[in-house]
Amino acid sequence: MENAPVPSDVASCFTDPRWRLNNLYYITDKTGTKVQFKMNWAQEALFDELHYLNLILKARQLGFTTFLQLYMLDSCVFHKDTRAGVIAHTKVDAEAIFRDKIKYPYDQLPDGLKSTVSIQRDNTTTLELSNNSVIRVGTSLRGGTLQYLHISEFGKICAKYPEKAREIITGALNTIQAGQVAFIESTAEGQEGRYYDLCQEAQAKANMSTPLSSLDWKFHFYPWWKEPAYEIDPANVVINDEYRKYFKKIAKQGISLTDGQKAWYVKKAEVQQEDMKREYPSTPEEAFEASVEGAYYAKQMARAEAEGRIKILPPIKGVPVHTAWDIGVSDYTTIWFFQATTDGPRLVGYYHDSDYGMPFYLKKLEEYRKRLDIEYGEHWFPHDVKVKEWGTGRTRIEQLKNGVELDDGTVIKLTVKVVPDHKVADGINAARSLLPTCEFDQGECADGLKALRNYKKDWDEHRSVWRDTPRHDWACHGADGFRYLAMCYREVQIVKPEEPKTIQTRGPTFNEALALHDAGLEDDDY
């Protein structure tokens, strides 16, 4: 295949970056074949909606890494004294990006252009041009000033390399001055880290139509269902009840799918399983609520969501509410509120806070009891409740059993139980076994659910593998509380809820049903 031809009307064409990107550059496609680069719908949308600082949350295989390298390479070739940098999350990725998406496209440029803007120096990560423009790729860029910066898969960097993420924030991002251009693109990796925070902040500004300054990040989201290639022949693809409910749910959010798109999603999810919503999100919220790489409970939480077990779930009257605690001194103290019924565990509440003593949390118990009109059963504490003191010289279990007086004179006594001593791995396995039977109140347990989704293994940066030990971070406290719940649940009395009184109701009449149909409501909408 010949290099890109140079048109006769050089001046008008070469001053147009859109024309240059769509006509001058060659890349290799997924099969390794040399092809001329043409912007797809997602790349065109980003090009048209560019801001100074750009946050890109996207589905897989939409070509943003390729596009952003070409965009910066083009700027370096056609503008002198330009500095551009790319941060990848591993050294191998950095070298591959440079080789395949920067150096190779430059080598395919027209010979006349390459002779005008020639290579002065290059290695496996840096391209220095004769017009004094430089583009370099690494795992962390510090020093100097950049006019263009691309941070690839920042969500993964935040999840696996938190120290590196902080270095990028304090180092590389500080090389970008007001009015320069930066891109942070990634798939989601749980509800933690600076990438998540930046996306939440930028999305909030977008939802409120807040005018953006040159130092504000603009939020861009590119879902799987906008990609024309993500569609197959629906013949012989079985869509079960789980997926029908999912498609109906996103349809209520204005996402209308063809039968071919639904078929593609179902077949893709058979391979991706619990990673589907992270890799191919339909909405931004779904992307961040999806399973986290290295998460202990990824499959179980994805299944709970798919099966509709995370919902509005008020406590059942007449069934005692038990609690399971993780006690923190300088860390979080967490409390799970649950009912043990013949239908399975009902997680009806969650609370956490830090830097407070026992009376504070007992007051919270009392507030919860009054607010939801419930009666407590047993309160389960970790084994160290017998030995640690909580500011009075007595063990915690002694204080709790004998009673603690609150500021208003109320004396709180708890039925205290101690969680069986166990290895962490055994507790995690117990939690994995219990989760498939659990139901959660989506509002009351929101913070606890977030902890369960983000509880993950520690990452060994030197060996590039997940360790067999949990990472000690904000999520581990809520997850530890649930681990204690799982270990004690076998010893909690299971209660059969009273049958609700039967109330005679009638269905809609024919005329009422016809009116509902005309209004576009389905049977399960009324």
Closer than 4.0 angstrom, basic N to acidic O: yes or no for E44 and R18?
yes
Spacing of D100 atom CG and E95 atom CD [to the nearest 0.5 Å]:
11.0 Å
OG1 (T28) and CZ (F37) are apart, to the nearest 0.5 Å, by 12.5 Å
Looking at every heavy atom in both P105 and L70, which two are closest together, and how far apart are they?
CB-CD2, 3.5 Å
Test side-chain contact (heavy atoms from CB on, under 4.5 Å) on I102 and V137; report intermediate values, then the result.
CA-CA 10 Å; I102 295 174; V137 186; 3.6 Å; yes
What distance separates L127 CG from L73 CG, expressed to the nearest 0.5 Å?
7.0 Å
Are Y368 and F337 close enough that their ring centres sit under 6.0 Å apart?
yes
If we check salt bridge (charged side-chain N to carboxylate O under 4.0 Å, His left out) with E128, which of these qualifies: K103, R121, R83, R136?
R121
May I ask you to decide whether K311 forms a salt bridge with D441, counting only side-chain N to carboxylate O separations under 4.0 Å?
no
Are the side chains of Y222 and L46 in contact, using a 4.5 Å heavy-atom criterion?
yes
Would you mind checking if K245 and E307 are paired as a salt bridge, meaning a charged N to carboxylate O distance below 4.0 Å?
no
If you apply the rule side-chain hydrogen bond (donor to acceptor under 3.5 Å, both in side chains), what do you find for W224 with S282, and how did you get there?
CA-CA 6 Å; W224 71 270; S282 297; 2.8 Å; yes
R60 CZ: over 12 foreign heavy atoms closer than 6.0 Å
yes
Go through it in stages, so that I can follow the logic: the residues are Q203 and E285, the test is side-chain hydrogen bond (donor to acceptor under 3.5 Å, both in side chains), and I'd like the CA-CA distance, side-chain angles, deciding distance and then a yes or no.
CA-CA 10 Å; Q203 193 175 358; E285 295 75 20; 3.1 Å; yes
Above 12 or not: heavy atoms from other molecules or residues under 6.0 Å from NZ of K226?
no
Any non-hydrogen side-chain atom of L129 less than 4.5 Å from a side-chain atom of Q120?
no
If you look at every heavy atom in P436 and R432, which pair is closest and at what distance?
CD-O, 3.0 Å
On the ring face of W474, is K450 found with NZ or CZ under 6.0 Å from the centre and within 45° of the axis?
yes
Side chains of T333 and D326, heavy atoms from C-beta outward: is any pair under 4.5 Å?
no
Is NZ or CZ of R20 both nearer than 6.0 Å to the six-membered ring centre of Y25 and within 45° of the ring axis?
no
Do L57 and H220 have side chains that approach each other closer than 4.5 Å (heavy atoms only, starting at C-beta)?
no
Side-chain heavy-atom pair P314, V348 within 4.5 angstrom cut-off:
no
Do the side chain of R194 and the main chain of A165 share a donor and acceptor less than 3.5 angstrom apart?
no
Residue pair K218 / L53, side-chain heavy-atom distance below 4.5 Å:
no
With sequence neighbours left out, what residues match Y350 under ring pair (Phe, Tyr, Trp, His ring centres under 6.0 Å)?
W336, H352
What one should report as the nearest heavy-atom pair of L449 and M301 is CD2-CE, 3.6 Å
Side-chain H-bond candidate by donor/acceptor type, K101 with T66, under 3.5 Å:
yes
Residue K38 excluded, over 12 heavy atoms near NZ under 6.0 Å:
yes
Test: R303 and E242 ion pair at under 4.0 Å:
yes
Can you list everything that forms a ring pair (Phe, Tyr, Trp, His ring centres under 6.0 Å) with F221? Sequence neighbours excluded, please.
none
So which atom in Q261 and which in L257 form the shortest heavy-atom distance, rounded to 0.1 Å?
OE1-CA, 3.3 Å
Taking every heavy atom of I135 against every heavy atom of F98, the minimum-distance pair comes out as O-CE1, 4.3 Å
With Y265 as reference, evaluate Y230, F247, W225, Y280 under the ring pair (Phe, Tyr, Trp, His ring centres under 6.0 Å) test and give the passing residue.
F247
Rounded to the nearest 0.5 Å, what separation is found between the OG atom of S186 and the OH atom of Y195?
5.0 Å
Atom pair OG/CZ of S140 and R166 - distance to nearest 0.5 Å:
13.0 Å
Main chain of C76, side chain of N131: is a donor-acceptor contact present, judged purely on distance under 3.5 Å?
yes
Hydrogens and angles aside, do E286 and Y246 bring a side-chain donor and acceptor to less than 3.5 Å of each other?
yes
At what distance, to the nearest 0.5 angstrom, does CG of L173 lie from CD of E167?
11.5 Å
Distance alone, cut at 3.5 Å: any donor-acceptor contact between the side chains of Q147 and S75?
no
K156 bridged to E185 by N-O distance under 4.0 Å:
no
Considering only heavy atoms from C-beta outward, does the side chain of D122 approach that of T126 to under 4.5 Å?
no
Non-hydrogen side-chain atoms of I87 and F154 separated by less than 4.5 Å:
no
When you measure from the centre of the six-membered ring of Y26, is the NZ or CZ of K34 under 6.0 Å away and within 45° of the axis?
yes
Just by modelled atom types, is the A94 backbone N or O under 3.5 Å from a matching donor or acceptor in the H89 side chain?
no
What's the shortest heavy-atom distance between S152 and T65, and which atoms?
OG-OG1, 4.3 Å
